[in-house]
Structure formats: structure tokens, C-alpha cells
Protein chains: 2
Amino acid sequence: MDPTPDALPDDDLDVDAFTTAIESFNRFYIRLPTLEKLSFTTLSVLDTLASAGGPIRLTDLTRTEQVSQPGLTQLVTRLERDGLVERRPDPSDGRAVLVHLTEAGRQVGRSRHADRTRHLAPLIARLSPEQRRAIAGALPALTRLAELGRARPSG
Amino acid sequence: MDPTPDALPDDDLDVDAFTTAIESFNRFYIRLPTLEKLSFTTLSVLDTLASAGGPIRLTDLTRTEQVSQPGLTQLVTRLERDGLVERRPDPSDGRAVLVHLTEAGRQVGRSRHADRTRHLAPLIARLSPEQRRAIAGALPALTRLAELGRARPSG
DNA sequence: TACCTTATATAAATGCACGATATATCCTCT
DNA sequence: AGAGGATATATCGTGCATTTATATAAGGTA
């Protein structure tokens with residue numbers, strides 16, 4: 001079977017092992033108990049708006065989120081009803097709508113971040129110092145990987 | 001303000017920074033294009049069954065998945081219709097149903113794993129050798145963290 | 001203006017989730 | 001053994017979210 005191929009030098013990264021580790025981590029991470037009762041798509045839209053740092057046109061959101069355009073229109077309507085986003089006209093295009101995150105909407109992301117940190121902290125405390133250092137050392141690379149992934153989203 | 005507290009020695013792990021990095025990575029990772037058209041909950045159940053390595057009772061699935069029991073019954077019915085799981089009686093309890101993953105169901109997880117690996121490989125190739133080593137060095141700690149998290153799931 | 005394209009909204013149908021409840025089996029106590 | 005209660009799953013009816021198809025409105029071009 002040869003489950004641990006030693007063709008790779010052990011200081012290099014086995015992509016398959018990386019995927020496995022991420023899948024394992026996310027299996028736990030995704031199930032972190034959460035306070036808000038918002039759907040996956042809803043949270044994804046709020047997250048996209050927050051990380052974009054500015055308003056996004058409805059049509060552009062249909063590309064990053066995997067929802068149909070009518071579905072997104074209704075989702076934005078619900079979010080607007082709940083005060084998490086605002087629709088504003090696009091000054092440069094009378095047809096378009098710019099979806100703005102409100103302060104309350106931004107707060108959702110922040111509180112989820114705080115919540116995750118609160119749950120992760122005691123677990124991280126139980127790691128060895130070497131393990132904590134190992135993770136700390138990988139953070140810049142993980143962040144870089146995410147940047148690379150977002151740079152060319154469809155390839 | 002003080003956004004970068006230097007109270008921590010820089011070889012230790014800032015939990016907040018960790019959460020931020022994971023969120024950033026997952027924002028990209030979650031959106032990796034995927035072939036299957038299965039819902040989030042569906043995939044979660046298949047994943048749980050695969051990582052359990054054996055059949056699970058319907059009621060036990062309602063605990064790991066965040067779905068009501070009737071919802072899970074219907075979900076399993078759909079999965080069974082699609083040939084991804086099988087219902088079998090529990091020999092030790094006539095009321096219970098054991099949900100077994102079929103080979104086709106197992107294949108869903110495998111193909112998703114392969115798909116992710118395929119998408120990640122070219123991005124990882126663009127990291128520096130040091131960055132790859134840093135990630136490789138963090139994988140055991142990440143896996144351990146997931147184990148710790150699964151061990152005491154409710155806080 | 002007439003026409004085509006793009007951006008968003010509305011409508012009808014479907015699907016997936018839930019709560020309440022029914023049915024079958026297990027367990028315990030007498 | 002048999003009654004009563006608890007547990008496991010299934011069914012029914014309802015509500016919300018999402019989809020496809022289509023409508024409305026604005027931009028762009030001849």
C-alpha cells in the first residue's frame with residue numbers, strides 16, 4: 001500500500017496531506033456553536049461585503065456567491081429588512097444597486113470572529129508550545145495562499 | 001487602538017490572528033468550484049459518515065448535524081434514493097436504523113478531496129519553499145486542534 | 001426613435017427544513 | 001408475562017428560501 005510515500009523530502013509540503021488536514025480542521029471549525037441564526041448564504045454575503053471593504057453591486061455578488069440573481073435580490077431584501085445592509089443607487093449607473101453593509105451588518109461578522117476566537121482559545125491553550133509556534137509560523141503562508149486563491153478565482 | 005499588541009512574544013500564537021487567518025483562508029477555500037450539486041447539510045452528513053468509518057444511527061446523526069430528526073429522516077431518504085447511503089436495521093435495537101455509506105457515497109467525499117487538492121496544488125506551488133515548510137510544520141498541530149475540538153464538542 | 005443589452009425586480013413552482021404527532025420497539029417493575 | 005413509560009424513526013402539514021421564466025427600467029448605439 002505504501003501510505004506514506006517518502007519520495008518527498010519531509011520538509012516539503014504534501015498537498016494531499018494539507019487538504020486532509022484542512023478538511024479535518026474544518027469539520028470541527030464549521031460546527032463551532034454560533035449564536036446568530038442566519039443561513040449559510042446570508043453569512044457568506046455579509047462576509048463578502050465586509051472583506052470587500054465597500055459596497056458591491058448586486059450582480060457582482062451573484063458571481064462570488066453561488067445564488068441566482070433573483071435569489072440574491074430576495075436575500076438582500078431580507079437583509080435590508082433586518083437592517084444588516086442598505087440598498088443605494090449607483091451614481092454611475094441608474095440601473096444598478098449598490099449593496100452597503102450597515103454598522104449592524106458589520107457587527108455580525110465581528111461578533112462571529114470574537115465567538116470563534118473565544119472557542120478556539122482554550123483548545124489552543126492545550127497545544128504544546130512547539131505546536132503553537134508551528135501554527136503561528138504558518139499563518140503568513142496561509143494568508144498568502146488565500147490571496148493567491150482570490151486573485152485568480154476561476155482557474 | 002494598538003492593533004498589533006506586542007505584549008506577546010512573537011514566537012507564540014495570537015489566537016485572534018489565528019482566527020483571522022483561518023477566516024481568510026476559508027473565505028477562499030469554501031468557494032473552491034465544485035462539481036456536485038449537493039446541499040451543505042447533505043455533504044456534511046456524507047462527510048460525517050465517511051470520517052466515522054462505519055454506520056451511524058439516525059439519532060446520533062441528529063446530534064452532530066444541526067438538523068431536526070424529521071429533517072434528517074427526509075435527508076437520508078433522499079440520499080438513499082440517490083444511492084449514496086443505505087438504511088439497515090440495527091441488530092441490537094429493533095427501533096434503530098443504521099445509516100451506511102455506500103461506495104458511491106464514499107466516492108463523493110473522495111472526489112471532493114481530489115478536487116480540492118487539484119485546485120490547491122498550483123497555488124501551493126507558488127509559495128516559497130519556506131512558506132511550504134511552515135505550512136507542513138503546522139499540519140500536525142492543526143490536526144491535533146481538530147481532535148481536541150471534536151473531543152469536547154459542546155464547550 | 002428604434003433596438004439590443006444589462007441590471008434589478010416580480011411571480012409561480014419546487015425543495016428543504018421544522019414542529020407536532022403517529023407507530024414500533026425497548027426496558028423496567030411488579 | 002404484561003402494563004407503562006421511554007426511545008427511535010416515520011409521516012403530515014406548514015413556512016421559508018431558492019430556482020426558472022419573465023417583466024420593468026436604464027444604458028448604449030445607430
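Quick note on labels: first sequence line is chain A, next is B, and so on, each numbered from 1.
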With distance as the sole criterion, do the side chain of Q69(A) and the base of dA7(C) form a donor-acceptor contact below 3.5 Å?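 Not at all, since no donor on one side and acceptor on the other fall under 3.5 Å apart.
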
Answer yes or no: side-chain N or O of R95(B) and base N or O of dT7(D) forming a donor-acceptor pair under 3.5 Å.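 Yes, a donor-acceptor pair under 3.5 Å.
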
[atom1] of [X] versus [atom2] of [N]: gap in Å, rounded?
X      : N       : atom1 : atom2 : answer
Q66(B) : dC18(C) : CD    : C1'   : 14 Å
L38(A) : dA17(D) : CG    : P     : 11 Å
L61(A) : dT18(D) : CG    : P     : 14 Å
E65(B) : dC18(C) : CD    : C1'   : 17 Å
D90(A) : dA25(D) : CG    : P     : 19 Å
F40(A) : dC16(D) : CZ    : C1'   : 18 Å
K37(A) : dC16(D) : NZ    : P     : 17 Å

Option from L142(B), T117(B), I124(B) for which side chain to side chain contact (heavy atoms under 4.5 Å, CB included) with F18(A) holds: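 Exactly one candidate clears the test, I124(B).
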
Counting the atoms with a prime plus P, OP1 and OP2 as sugar-phosphate, which does D93(B) contact under 4.0 Å by heavy atoms, base, sugar-phosphate, or nothing?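 Sugar-phosphate contact only.
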
Assign the ring pair F40(A) / F40(B) to parallel, tilted or perpendicular, where the plane angle (0 to 90°) is split at 30° and 60°.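 Parallel.
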
Give the ring-plane orientation class for Y29(B) versus F25(B), where under 30° counts as parallel, over 60° as perpendicular and anything between as tilted.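 Correct class here is parallel.
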
Below 4.0 angstrom, which residues in residues 70-87 of chain A have at least one non-hydrogen atom near DNA chain D?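 DNA chain D contact set from residues 70-87 of chain A: P70(A), G71(A), Q74(A), R78(A).
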
Nearest nucleotide by nearest heavy atom, which residue falls closer to the 5' end of DNA chain D, G94(A) or S39(A)?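 Closer to the 5' end of DNA chain D: S39(A).
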
So, OP1 or OP2 of dC16(C): does either fall under 4.0 Å of a side-chain N or O from T41(B)?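 Checking dC16(C) against T41(B), no side-chain N or O comes under 4.0 Å of OP1 or OP2.
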
Within less than 4.0 Å of OP1 or OP2 of dT19(D), is there a side-chain N or O belonging to S68(A)?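 Result: yes.
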
N/O donor-acceptor pair under 3.5 Å between T102(B) side chain and G83(B) backbone: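 A pair under 3.5 Å: yes.
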
Determine, for R112(A) against D47(A), whether the closest basic-nitrogen to carboxylate-oxygen distance falls under 4.0 angstrom.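 D47(A) and R112(A): not salt-bridged.
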
So that I can tick it off, tell me whether R116(B) and E23(A) are bridged by a salt bridge, with the cut-off set at under 4.0 angstrom between side-chain N and carboxylate O.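 Yes, E23(A) and R116(B) are salt-bridged.
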
Show the nearest heavy-atom pair for residues R27(B) and R31(B), with the distance to one decimal.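 Nearest heavy atoms, R27(B) then R31(B): O-NH1, 2.9 Å.
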
